[in-house]
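Working notes, beginning with the structure itself.
We count residues from 1, following the sequence as given. First listed ligand is number 1; within each ligand, the first listed atom is number 1.
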Amino acid sequence: MQACDVSSGSWDQFLEYMKENSSATAFENWFAPIVLIEESAENIKLEVPNIFVQEYILSNYKEELCSFLPVLPSGELAIEFTINERHQTTNSPTVVTGTPAIATRDSEYSMKLNPFYQFQNFIGGPSNEFARSAALGVATNPGRSYNPLFIHGGVGLGKTHLLHAIGHHIVHEHKKLRIQCITTEAFINDIVDSLRSKSVDKMKRFYRSLDILLVDDIQFLQNRLNFEEEFCNTFESLINQNKQIVIACDKPPVQLKLSERLVARMEWGLVAHIGIPELETRVAILQHKAEQKGLKLSSKVAFYIAEHIYSNVRQLEGAVNKLSAHCRLLKEDITEELVERALSQMLQSVPHQEKISVEQILKSVAAVFQVRVSDLRGSSRAKDVALPRQVAMYLAKEMINESLVILAVSFGKTHSTILHACKSIEAKVENDEMLKRRIEMARRNVAND
Ligand code: ADP
Ligand code: MG
């Protein structure tokens, strides 16, 4: 499936919309000077020439901004503004949010928690219920339930979300506890910085005095030998003091290329897997995300999207963002037809539940071309049999994920016969509308078999 990060480009879409819908002067004054610094599905960083531009666009174009750019659950825009240094003496960022985007506990080793990633925004379902409950258990009783908790699963399935949710819960409910939530990359950077500024002891003291350490994407520790050792020491020091550790990773501990000692330690506590959410969970996630965007999504449309986008929650979110921009631009209701148009790149075709067999293809082709399956299997060169036989080979190559050699065996032919058949049909359908339709019919019959 085509990777499609719909979040990238929301700022461009917004600019495009404003260009069409505001005067040239207004556009040049207010929007053209803004520089996009960073953009993700959750927030966006913009550099403005001065505070007036920031205030002006916020008071006059809030509705348009909300339609295109990320918003917080509170409905506030998740835009971080920076004033361009060349124009101002200060460039301290102002976060335009109801709640702070960054929860900071320690001035030197700051902790960034995404305000969206909280337990109440995490939709549970059979695929993630175990990991969610374990995360909640750890957040409620840190150091006393599962230690370490190791959460693993594919990309975009909610690992970081759960890690941050634990962070938020602890910041609010256990105010006295010292917590750090960090990516493996940032941990490595802290080590490098401390080496450079000769403050290694201070860094070690900081990490080893934590009550809770949340580490994201531990797979990035692979092949970083020196850092692995430091991480391992920190890990053991904390575990020995019954301090809570939670780790997120894209694979289970055993598949990590890390020292046996560290892998064994990671398996000590609880290993929880997050899988791909089931259809009903995907629908619930879609409806939750749409609600947050103020988008009305009928359950028919939600099911339609969820049936077609099934491997990654981030893409479901992307779909909601994209739809919201489309509705805004075209002022249309969300129908299946609009969804199909707006999301054509993202929609995956529904996977075939079962592998298609050569037999199925032969049956379907025989029915459409009014011949017998045994004729297709035979070697008669009569045109009314030879053509459908070639069609069957052509469809088999297209619909069955096997090598030519294996397909050839199923047809009792050589692989060059199959290749020749495919080329011949490809050439014929160019000018033969009738043949094209019959092939399409046979293809559909196989798919619906
Ligand atoms: P990972 O770290 O596993 O790659 P993330 O935690 O970054 O994935 O999740 C990707 C996006 O999908 C995030 O915006 C997150 O909020 C959302 N998401 C994932 N799972 C869920 C869920 N069960 N309910 C709501 N949102 C989810
Ligand atoms: Mg992640």
Honestly, for Phe116 the part within reach of ligand 1 (heavy atoms, under 4.0 Å) is neither

A student checking ligand 1 against Gly154 at a 4.0 Å heavy-atom cut-off should list atoms 3 (O)

Within the 4.0 Å heavy-atom cut-off, what Glu42 brings close to ligand 1 is side chain

A student checking ligand 1 against Val155 at a 4.0 Å heavy-atom cut-off should list atoms 4 (O)

re atom 2 (O) of ligand 1, the protein heavy-atom contact at minimum distance is Thr160 OG1, 2.7 Å

Determine the interplanar angle of the His168 and His172 rings, folded into 0 to 90°, and report it as parallel if under 30°, tilted if 30 to 60°, perpendicular if over 60°. parallel

Any heavy atom of Ile123 under 4.0 Å from ligand 1? The part involved is both

Could you tell me whether Glu317 and Arg314 have a side-chain N and a carboxylate O separated by less than 4.0 Å? no

Atom 16 (O) of ligand 1 has as its nearest protein heavy atom His161 ND1, 2.7 Å

of all protein heavy atoms, closest to atom 26 (N) of ligand 1 is Lys289 NZ, 3.0 Å

One finds that the ligand 1 atoms under 4.0 Å from a non-hydrogen atom of Glu317 are 11 (C), 12 (O), 13 (C), 14 (O), 15 (C), 16 (O), 17 (C)

Exercise. Could you tell me whether some N/O pair between Leu157 and ligand 1 is separated by less than 3.5 angstrom?
Key: yes

Exercise. Dump the intermediate steps for ring pair (Phe, Tyr, Trp, His ring centres under 6.0 Å) on Phe31 and Tyr61, then the final yes or no.
Key: CA-CA 11 Å; Phe31 302 107; Tyr61 298 97; 4.9 Å; yes

Ranked by distance from atom 4 (O) of ligand 1, the top protein heavy atom is Gly156 N, 2.7 Å

One finds that the ligand 1 atoms under 4.0 Å from a non-hydrogen atom of Arg314 are 5 (P), 7 (O), 10 (C), 12 (O)

Tell me whether Ile285 has any N or O atom under 3.5 angstrom from an N or O of ligand 1.
no

Under 6.0 Å between ring centres: does that hold for Phe227 and Phe187? no

For Gly158, the ligand 1 atoms with a heavy-atom partner under 4.0 Å come out as 1 (P), 3 (O), 5 (P), 6 (O), 8 (O), 9 (O), 19 (C), 20 (N)

Within 4.0 Å of some non-hydrogen atom of Asn128, the atoms of ligand 1 are 23 (N)

Residue, atom and distance of the protein heavy atom nearest atom 18 (N) of ligand 1 read Val313 CG1, 3.2 Å

Looking only at side-chain N and O atoms, does Tyr304 offer a donor or acceptor that is under 3.5 Å from a partner on Glu340? yes

* Check: Asp216/Thr183 side-chain N/O donor and acceptor closer than 3.5 Å -> no

